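Before any comments, here is the structure.
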There are 2 protein chains.
Amino acid sequence: MNIGDVAERSGLPAKTIRYYEDIGLVRPVRGANGYRHFDQTELHKLVFVGRARSLGFAIEDCRLLLSLYEDRSRESAEVKAIAETHLDSIDRKIAELERLRVCLRDLVANCNGDTRPDCPIIDALSTTRAEPVSRAREASQAWGRANGRSHKNAIV
Amino acid sequence: MNIGDVAERSGLPAKTIRYYEDIGLVRPVRGANGYRHFDQTELHKLVFVGRARSLGFAIEDCRLLLSLYEDRSRESAEVKAIAETHLDSIDRKIAELERLRVCLRDLVANCNGDTRPDCPIIDALSTTRAEPVSRAREASQAWGRANGRSHKNAIV
DNA sequence: CCTAGTCCTTCCACCGACTGGAAGGTCAAG
DNA sequence: CTTGACCTTCCAGTCGGTGGAAGGACTAGG
């Protein structure tokens with residue numbers, strides 16, 4: 001199969017598959033014309049990685065999971081540990097987002113949203129409060145790179 | 001104030017403040033020695049942006065909010081609209097993460113996590129199911145850049 | 001054989017929002 | 001005069017791709 005075929009079968013864009021080869025997740029052989037050629041094994045690996053990514057595993061986790069997938073003598077404890085760590089990170093992210101949601105919902109609820117300039121949201125962002133900005137940074141980082149606005153398929 | 005002072009007062013790293021100048025969020029004046037000099041107004045803007053970022057607003061939202069902050073004749077509806085859009089995006093992210101959490105928790109719960117190779121997590125990632133991978137891509141993108149592993153302060 | 005169209009290749013640049021580090025200038029204290 | 005803290009600019013890297021240009025390979029039709 002050429003890259004277009006595995007792209008269709010795996011549901012991954014060809015660009016992504018080339019990238020996965022670049023970082024060593026798959027190793028398609030090359031034909032005489034320079035085209036990549038994928039066998040069933042490579043296709044399975046792509047599907048595997050696609051699913052792991054869809055569950056939010058990082059690429060390096062995928063690499064690890066892939067090696068465990070191919071290791072018939074793996075211990076399920078190893079896999080479980082990766083998944084549990086990931087689950088924890090999801091929990092932390094949800095908790096942080098919940099915190100933001102509560103905060104923002106309050107602000108939005110208190111804002112009239114009319115033609116007058118008076119706005120509790122702006123006030124909250126600008127007013128010097130008892131508890132200053134000291135912890136703003138951590139929270140800001142906590143949100144992390146989650147909101148890639150410009151990204152085509154990102155949830156915004 | 002030099003950059004170190006405003007860094008301390010705003011809670012933002014000096015590097016970040018330079019970056020904010022780079023992208024035009026603040027415009028400190030320069031002294032004869034080339035050092036940036038920040039007055040109260042610039043400090044307030046930095047604090048403002050720091051707070052907005054800590055609520056998860058994107059830089060471009062911050063830029064908009066900042067211009068509304070400085071516009072005394074703004075309409076609170078404009079601010080509210082930005083906040084509501086952001087709130088929606090938070091809700092969507094939470095929903096997506098909840099979906100992943102449920103899925104992962106089931107997988108983890110079903111895995112023995114012992115020394116045997118038998119692992120339902122690996123099975124789920126590799127087995128061809130009735131519903132194939134067709135939607136894996138969207139979900140993968142949905143997770144987005146949220147898990148910047150290498151990032152110092154990112155929630156992981 | 002030529003052409004059009006589709007597929008494939010590589011390479012480079014870009015996204016967000018910084019962060020790290022190198023190389024070097026400036027300033028205040030001792 | 002030196003030390004050290006602070007400041008400057010610039011370049012590169014983060015994560016996981018995505019967009020596009022420039023050009024080679026292949027297939028079908030005339």
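Residue numbers start from 1 in every chain, and the chains themselves are labelled A, B, ... in the order their sequence lines are given, proteins ahead of strands. Here the structure is a predicted model, which is why all the values come from computation and not from measurement.
- Distances from the side chain of A:Tyr35 to the nucleotides C:dT9, C:dT19, D:dG17 place C:dT9 closest.
- Across the protein-nucleic acid pair, A:Glu21 atom CD and D:dG17 atom C1' stand 15 Å apart, rounded to whole Å.
- Residue B:Asp5 contributes atom CG, which lies 10 Å from atom P of D:dC6 at whole-angstrom precision.
- Residue A:Arg36 is the one, among A:Arg36 and B:Glu60, whose nearest nucleotide of DNA chain C lies closer to the 5' end (criterion: closest heavy atom).
- Between A:Tyr69 and A:Phe48, the ring-plane angle classifies as parallel under the 30° and 60° cut-offs.
- Regarding B:Arg30, its CZ atom lies at a distance of 10 Å from the C1' atom of D:dC7, rounded to whole Å.
- You'll find that the side chain of A:Arg53 is closest to D:dG17, out of C:dA17, D:dC10, D:dG17.
- The distance from atom NE2 of A:His37 to atom P of C:dC8 is 12 Å, rounded to the nearest whole Å.
- Ion pairing of B:Glu21 with B:Arg18 is absent here, as no side-chain N (NZ or NE/NH1/NH2) approaches a carboxylate O to less than 4.0 Å.
- Salt-bridge formation is detected for the pair B:Glu42/B:Lys45: a Lys NZ or Arg NE/NH1/NH2 atom is positioned less than 4.0 Å from an Asp or Glu carboxylate oxygen.
- Here A:Arg18 lies in heavy-atom contact (under 4.0 Å) with a base.
- Under 4.0 angstrom from either OP1 or OP2 of D:dC26 there lies at least one side-chain N or O belonging to A:Asn33.
- Interface remark: the B:Tyr19 side chain does not form any donor-acceptor pair with the C:dG16 base, using a distance-only criterion of under 3.5 Å.
- In this structure, CD1 of B:Ile23 is placed 10 Å from P of C:dG16, rounded to the nearest angstrom.
- In terms of modelled atom types and a separation under 3.5 Å, the side chain of B:Ser76 and the main chain of A:Asp114 share a donor-acceptor contact.
- When the nucleotides C:dG20, C:dT10, D:dG20 are ranked by their closest atom to the side chain of B:Lys15, C:dG20 comes out on top.
- Contacts of A:Ile3 with the nucleic acid, taken as non-hydrogen atoms under 4.0 Å apart, involve only primed sugar atoms and P, OP1 or OP2.
- Contact check, B:Thr16 against C:dT19: a side-chain N or O comes under 4.0 Å of OP1 or OP2.
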